[in-house]
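In what follows, a structure is listed as structure tokens, so that the remarks can point back to it.
It should be emphasised that the depicted structure is a prediction, and the values quoted were computed from it without experimental measurement. We count residues from 1, following the sequence as given.
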Amino acid sequence: MNKRNLEYFLKVYDMKSISRAAEALYISPQGLSKTISRLEEELGVELFKHKANRIIPTPVAANLAAHAKSILVEYDIIENHLFKTGWTKKPAKIACSYDVPQMIPTDFFVSFDAMHPELRMQIREYPESMILERLDKSKVEVAIVSGPLDELDYDIIPLFTVPYCLVINKKHPLAEKKTISLEDLDGEPLAVKDVQSRISALQILELARHESSPDYILESSDAHLIHSMAESGAAIAMTLTYLADKIKSDAVVVRPFEDNVFTKTVYLVKKKNYVMSYEGEQLYDSVREYFSDR
């Protein structure tokens with residue numbers, strides 16, 4: 001066994017296909033298949049089961065993948081002479097929905113670093129659909145994403161729930177109201193985030209149930225831009241309360257929905273029955289324990 005064998009194995013494990021993995025590695029499918037067979041023979045285990053035109057990793061392959069990833073990180077440290085520097089912490093990667101990192105208090109990051117000085121937390125923000133796709137393909141081990149989620153596919157732990165609110169220009173008639181009903185938004189120009197996400201789909205259905213049809217004139221992942229639309233009077237901005245609390249403009253007011261009809265629950269997520277690396281396991285446990293105490 002050598003580094004190349006592990007790299008080839010991981011490519012097949014991630015892509016679930018000999019032909020596609022071989023194409024990505026610029027080698028023949030026959031040569032890649034022989035490498036996997038030799039690795040199975042050397043380890044005395046079955047790594048993949050063949051079913052029709054697909055290959056399915058065995059539980060043993062999932063265990064090997066976790067260790068192989070850690071081994072290849074060590075190879076990179078040695079090959080790139082990083083052991084001569086302080087840049088030898090292993091990355092603990094987490095994928096988050098847009099704006100979620102802003103919900104996490106800074107003391108969590110400080111405490112994680114104190115408890116795990118050998119690890120470097122690495123946060124990446126993606127659209128929610130992309131996060132689930134990366135989880136499914138084992139390109140990320142730990143994620144923080146909003147629901148609803150399929151509990152048959154994922155282990156999910158609720159972390160916190162945040163209500164939505166509306167940012168309204170003070171000159172708009174709705175600014176005079178203390179709370180906003182769904183019917184109030186009928187025909188109103190609305191600036192929102194992620195209108196195609198699962199939670200937005202549920203919100204649209206709820207608005208339709210109340211016979212309310214806002215005019216969605218802007219969808220953006222940039223909360224500042226959405227808030228600016230309200231500040232200029234071009235639209236009403238639908239946003240999360242913790243983001244609205246950061247607005248410093250005197251030109252707008254922030255109004256809650258009646259009965260907090262829209263909320264966003266954020267979950268800690270990992271793929272069900274997935275064997276995580278040491279880095280992923282430590283990060284997952286740290287997030288779970290931190291928010292369970294709050």
Side-chain angles (χ1 to χ4, degrees), residues 96-108 125 127-128 144-149 156-268 290-294:
C96 296
S97 303
Y98 290 124
D99 298 321
V100 162
Q102 298 181 52
M103 299 186 195
I104 304 175
T106 55
D107 65 335
F108 166 74
E125 294 180 78
E128 292 179 351
I144 299 180
V145 65
S146 63
L149 296 162
I156 62 175
I157 298 174
L159 298 180
F160 47 81
T161 298
V162 182
Y164 281 86
C165 63
L166 296 165
V167 181
I168 306 171
N169 187 282
K170 286 183 176 179
K171 296 180 180 179
H172 194 288
L174 289 181
E176 302 298 323
K177 301 191 65 173
K178 296 300 182 184
T179 61
I180 306 299
S181 70
L182 298 185
E183 291 82 359
D184 289 334
L185 295 180
D186 186 40
E188 293 290 344
L190 206 60
V192 299
K193 291 173 62 68
D194 304 325
V195 75
Q196 294 184 355
S197 70
R198 297 178 308 281
I199 191 168
S200 293
L202 293 175
Q203 292 170 349
I204 292 171
L205 287 173
E206 185 67 15
L207 284 161
R209 193 171 69 85
H210 284 75
E211 298 183 354
S212 179
S213 299
D215 179 13
Y216 295 96
I217 68 170
L218 174 67
E219 174 197 358
S220 173
S221 61
D222 187 341
H224 177 73
L225 173 59
I226 292 171
H227 299 164
S228 295
M229 293 290 286
E231 186 175 359
S232 68
I236 294 173
M238 183 173 171
T239 188
L240 292 163
T241 54
Y242 81 96
L243 294 172
D245 288 343
K246 299 179 180 181
I247 298 174
K248 302 188 185 306
S249 172
D250 293 330
V252 297
V253 295
V254 177
R255 294 291 183 257
F257 281 100
E258 287 183 0
D259 304 319
N260 282 333
V261 64
F262 291 145
T263 60
K264 180 175 183 176
T265 299
V266 176
Y267 300 88
L268 176 65
Y290 179 85
F291 282 97
S292 67
D293 293 335
R294 295 180 67 83

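At distances below 3.5 Å, not a single donor-acceptor pair connects side-chain atoms of D186 with backbone N or O atoms of E183.
Paired with R255 under the rule side-chain contact (heavy atoms from CB on, under 4.5 Å), one option of V167, D184, I168 passes, and it is I168.
If you take CG on L159 and OH on Y267, they are separated by 9.5 Å, rounding to the nearest 0.5 Å. From F257, atom CZ reaches atom OG1 of T179 across 10.5 Å, with rounding to the nearest 0.5 Å. Taken from OH in Y98 to OG in S146, the straight-line distance is 13.0 Å, to the nearest 0.5 Å. Here C165 contributes atom SG and F262 contributes atom CZ; the two are 12.5 Å apart, rounded to the nearest 0.5 Å.
Within the 4.5 Å cutoff, no side-chain heavy atoms of V162 are placed close to those of V266.
Residue D259 places its CG atom among 12 or fewer non-hydrogen atoms of other residues, nucleotides or ligands, all under 6.0 Å distant. A 6.0 Å sphere centred on CG of D250 holds no more than 12 heavy atoms belonging to other residues, nucleotides or ligands.
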Exercise answer: donor-acceptor pairs, residues 225-240 side-chain atoms, under 3.5 Å, sequence neighbours excluded:
from	atom 1	to	atom 2	distance (Å)
H227	ND1	A223	O	3.4
H227	NE2	T239	OG1	3.1
S228	OG	H224	O	2.9
E231	OE2	S249	OG	3.2
S232	OG	S228	O	3.3
S232	OG	M229	O	3.0
S232	OG	A234	N	3.4

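When the side-chain hydrogen bond (donor to acceptor under 3.5 Å, both in side chains) test is applied to E258, no partner is found at least two apart in sequence or on another chain. For D215, the side-chain contact (heavy atoms from CB on, under 4.5 Å) partners are I217, not counting sequence neighbours. Remark: K170 pairs with no residue by the salt bridge (charged side-chain N to carboxylate O under 4.0 Å, His left out) rule, at least two apart or across chains. Partners of Y242 by ring-ring contact (aromatic ring centres under 6.0 Å, His included), not counting sequence neighbours: none found. Checked against side-chain contact (heavy atoms from CB on, under 4.5 Å), T161 has the following partners two or more places apart in sequence or in another chain: T263, T265.
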| request: Apply side chain to side chain contact (heavy atoms under 4.5 Å, CB included) to the pair L174 and L166, showing each step before the final yes or no. | output: CA-CA 10 Å; L174 289 181; L166 296 165; over 6 Å; no
| task | Tell me, with the steps shown, if F160 and F291 meet ring-ring contact (aromatic ring centres under 6.0 Å, His included). | result | CA-CA 8 Å; F160 47 81; F291 282 97; 5.4 Å; yes
